[in-house]
Amino acid sequence: MLRTRLRLVARTHVSGAQAPAEIKAILLDIEGTTTPIRFVYDVLFPYARTHLGQHIEQHASSPDYERLFDALREEHASDVAAGGSVPGSWVDAPRASRLASVAAYCSWLMDRDRKSTMLKALQGKVWEAGYISGELVGEVFPDVPAAFERWHVRRLPVGIFSSGSVLAQQLLFRYSSAGDLSGFVDWYFDTAIGAKIESVSYRRIAESIEIGTDRVLFVSDATRELDAARTAGMHTRLAVRPGNLSSHEGGFPVIHTFDEIA
Ligand SMILES: [Mg+2]
C-alpha cells in the first residue's frame with residue numbers, strides 16, 4: 001500500500017516537473033509596462049486634442065485625409081441615428097464647415113474616450129507630425145532599452161500588443177527617449193487582431209508569429225489581459241511600475257523592471 005502510494009507520488013512528481021517550454025518570444029503591453037501610463041494621458045492625448053484642428057486644416061487637401069473625413073462622417077451619421085448627444089449636424093460645404101465638423105466630432109469622440117478606428121488614425125497622423133518635429137518624444141522606462149538589447153542578443157523576438165494603433169506604437173519606439181528602438185521590435189499588434197481581454201486574440205497572435213502560445217511570455221500591468229493570455233496558454237508576468245494602479249489578483253508572477261525577466 002505504502003509502496004503504491006510512493007510510486008503514484010513519484011509519477012505525479014515526474015510529470016509535474018516537466019521543464020516549462022522554452023520562451024521563444026516576448027509580447028509586451030505598452031501603457032504601464034514599457035511606458036508610464038501618464039505619458040499617454042498627460043502627453044499624447046492632450047497633444048492630439050490641442051493640435052488636431054490645425055493639423056486637419058494643414059493636410060485637408062490630401063486624398064488620405066479625405067477618406068478619413070468621409071469615414072468619420074459615416075460614423076457621425078450612425079451616432080445621430082442611434083440618438084446620442086452628437087454635436088450639431090455634419091456640414092460638408094463650404095470646406096471650412098466640413099473641417100469644423102470633423103474637428104467637433106473628433107473632439108466629442110475624445111471626450112468619451114471612444115475607441116473609434118478613424119479617430120485613432122487621425123490621432124496617429126497628428127502624433128506622427130509631433131514626433132517628426134521633435135515636439136513629442138516617446139517615453140519608455142529606463143530598463144527597457146537594455147532589455148531590448150539583451151533579448152536581441154539572445155535572438156528572442158519582441159512583439160507589442162497595445163490598444164493604441166500600430167502607427168502610434170511604431171512612432172513611440174521609433175522616436176523614443178532612448179533613441180530609435182524600432183529595430184528591436186519584430187511585431188506590432190493592435191485591437192484589429194481582437195480585444196486585449198479575449199484569449200482568442202493571444203491565440204491569433206501566436207498563429208501570426210508562428211510560435212506556440214506556450215512559448216510566448218506576455219507582460220502587462222492589467223490582470224484581465226494576463227488572464228486572457230494565460231487562458232490561451234501563454235506565460236505571464238504582471239508589470240508593477242510607478243504610476244500603475246496595482247491589482248495583484250490572479251496570482252501572476254510580478255516584475256518591477258524587465259531586468260527581472262531572465
Ligand atoms: Mg497596460
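The analysis underlying the following values was restricted to heavy atoms, covering all of them including side chains, and did not include hydrogens, waters or symmetry mates. Here, residue 1 is the first one in the sequence, and each next residue gets the next number. Note that ligands are numbered from 1 as they come in the structure, with each ligand's atoms numbered from 1 the same way.
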Note to self: Tell me whether R154 forms a cation-pi arrangement with F184, defined as NZ or CZ under 6.0 Å from the six-membered ring centre and within 45 degrees of its axis.
What the structure shows: no

Check: Of all N, O or S atoms in D221, which has the smallest distance to the Mg ion (ligand 1)?
Finding: OD1

Check: F161 and Y188: aromatic ring centres closer than 6.0 Å?
Finding: no

Notebook entry, point to check: Looking at the Mg ion (ligand 1), is one of the N, O or S atoms of E225 less than 2.8 Å from it?
Noted result: no

Next item on the list: Angle at the Mg ion (ligand 1): provide the value between OD2 of D29 and O of E31, rounding to 10 degrees.
Entry: 80°

Item checked: Any donor-acceptor N or O pair under 3.5 Å, side chains Q170, S182 -> no

Note to self: To check you understand the geometry: which heavy-atom pair defines the closest contact between Q169 and G164, and what is its length?
What the structure shows: NE2-O, 2.9 Å

